[in-house]
Amino acid sequence: MNENLFSSFITPVMMGLPIVIVIVMFPSIMFPSPNRLINNRLISIQQWLVQLTSKQMLAIHNQKGQTWALMLMSLILFIGSTNLLGLLPHSFTPTTQLSLNLGMAIPLWAGTVITGFRYKTKASLAHFLPQGTPLPLIPMLIIIETISLFIQPMALAVRLTANITAGHLLIHLIGGATLALMNISAATAMVTFMILILLTILEFAVALIQAYVFTLLVSLYLHDNT
């Protein structure tokens with residue numbers, strides 16, 4: 001119980017060098033590229049899930065938006081796999097770091113905004129001033145819409161960071177409480193252990209849902225600008 005509550009969120013270091021780059025690249029091993037005429041069950045299920053997700057993501061996009069298909073699929077696979085790997089014991093979850101999430105959110109958001117100004121300049125500028133706005137409110141609305149536009153990548157990153165961090169903290173706290181209660185009351189410890197199992201199952205769902213939500217919001221930003 002003397003372990004720091006936030007020790008699992010500290011970037012791991014080996015021989016004085018951060019190994020977060022190795023951890024970030026590790027999920028790519030989980031998705032091998034098929035090199036056989038007939039795939040095994042694992043690769044077949046993997047391809048089916050990717051096709052199902054890409055079909056749902058790209059259904060609303062036009063031809064310009066569909067050029068982002070590889071980017072969106074790579075994004076959801078990366079976030080989902082790193083979230084799941086972070087649930088393993090003594091592991092590190094890169095998506096609990098706000099810097100990493102901002103590093104993903106800002107370039108993707110900037111790419112969608114630049115695409116909108118390039119191909120739909122008038123429509124993109126029209127978002128800053130809704131039709132029928134009274135003349136005295138025009139400066140205030142332009143400022144508000146500009147702020148809301150620049151808040152979008154921050155909201156993407158903070159949402160992912162907060163949800164993943166909160167789940168890990170709850171697992172840590174309930175796990176510590178279960179160990180402490182084992183010497184006090186076995187019945188109470190069993191109840192907290194069942195809660196821990198249910199919470200772990202919930203975290204598996206949250207890990208996948210947050211990856212889907214992050215990618216879906218990027219997809220919606222892209223749809224608004226293409």
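Only this structure's heavy atoms are used, side chains among them; waters, hydrogens and symmetry mates stay out. This structure is a prediction, so every number in the text was calculated from the model and none was measured.
A donor-acceptor pair is defined here as one N or O able to donate and one able to accept, closer than 3.5 Å; no such pair exists between the side chain of His223 and the backbone of Gly65. Of the possible donor and acceptor atoms, none in the side chain of Trp109 sits under 3.5 Å from a partner among the backbone N and O of Met154. Thr161 places no side-chain N or O within donor-acceptor distance of the main-chain N or O of Val158, the cut-off being under 3.5 Å. Ser81 places a side-chain N or O within donor-acceptor distance of the main-chain N or O of Leu77, the cut-off being under 3.5 Å. Without hydrogens or angle criteria, Thr82 side chain to Ile79 main chain gives a donor-acceptor distance under 3.5 Å.
To the nearest 0.5 angstrom, Leu75 atom CG is 6.0 Å from Leu108 atom CG. Between Thr53 atom OG1 and Leu208 atom CG the span is 10.0 Å, to the nearest 0.5 Å. Here the straight-line distance linking atom CG of Leu87 with atom CD1 of Ile201 works out to 12.0 Å at 0.5 Å rounding. Atom CD of Gln66 sits about 14.0 Å away from atom CE of Met57, to the nearest 0.5 Å. With rounding to the nearest 0.5 Å, the separation of CD in Gln97 from CG in Leu102 is 11.5 Å. Distance check, rounded to the nearest 0.5 Å: CZ of Phe204 to CD1 of Ile209 gives 13.5 Å.
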*Please test Leu58 against Leu72 for side chain to side chain contact (heavy atoms under 4.5 Å, CB included), starting from the C-alpha separation and ending with a verdict.*
CA-CA 9 Å; Leu58 301 175; Leu72 295 176; 4.1 Å; yes
_Worked verdict on Asn225 versus Phe117 for side chain to side chain contact (heavy atoms under 4.5 Å, CB included)_ = CA-CA 8 Å; Asn225 288 282; Phe117 278 106; 5.9 Å; no
*Could you please spell out the steps behind the side chain to side chain contact (heavy atoms under 4.5 Å, CB included) verdict for Met182 and Phe193?*
CA-CA 10 Å; Met182 287 179 64; Phe193 181 69; over 6 Å; no
*asked:* Go through it in stages, so that I can follow the logic: the residues are Trp68 and His61, the test is side chain to side chain contact (heavy atoms under 4.5 Å, CB included), and I'd like the CA-CA distance, side-chain angles, deciding distance and then a yes or no.
replied: CA-CA 10 Å; Trp68 284 54; His61 290 287; over 6 Å; no
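Val50 and Ile76 fall within a single hydrophobic cluster, where Ile, Leu, Val, Met, Phe, Trp and Tyr side chains are chained together by heavy-atom contacts under 4.5 Å. Residues Leu156 and Leu220 share a single hydrophobic cluster, defined by chaining ILVMFWY side chains whose heavy atoms lie under 4.5 Å apart. Residue Val206 is grouped with residue Leu84 when hydrophobic side chains (ILVMFWY) are merged at heavy-atom distances under 4.5 angstrom, including chains of intermediate members. Residues Ile60 and Leu217 share a single hydrophobic cluster, defined by chaining ILVMFWY side chains whose heavy atoms lie under 4.5 Å apart. A continuous path of ILVMFWY side-chain contacts below 4.5 Å connects Ile195 to Leu202, so both sit in one hydrophobic cluster.
A donor-acceptor contact closer than 3.5 angstrom is absent between the side chains of Thr96 and His168. Asn83 and Thr95 share a side-chain donor-acceptor pair at under 3.5 Å. Donor-acceptor pairing under 3.5 Å is recorded for the side chains of Thr192 and Thr178.
When all heavy atoms of Phe214 and Ala157 are compared, the closest pair comes out as CE1-N, 4.5 Å. Counting all heavy atoms, side chain and backbone alike, Ala211 lies closest to Gly80 at CB-N, 3.4 Å.
Between Thr93 and Ile164 the shortest side-chain heavy-atom distance falls below 4.5 Å. At a threshold of 4.5 Å between non-hydrogen side-chain atoms, the residues Thr115 and Lys64 do not count as touching. The shortest side-chain heavy-atom distance between Met104 and Leu160 falls under the 4.5 Å cut-off.
By the 6.0 Å contact criterion, CE on Met73 is enclosed, its count of non-hydrogen atoms from other residues, nucleotides or ligands being greater than 12. Within a 6.0 Å sphere centred on OH of Tyr212, heavy atoms belonging to other residues, nucleotides or ligands number more than 12.
None of Ile144, Ile142, Ile143 except one satisfies the side-chain contact (heavy atoms from CB on, under 4.5 Å) rule with Met140; the exception is Ile144.
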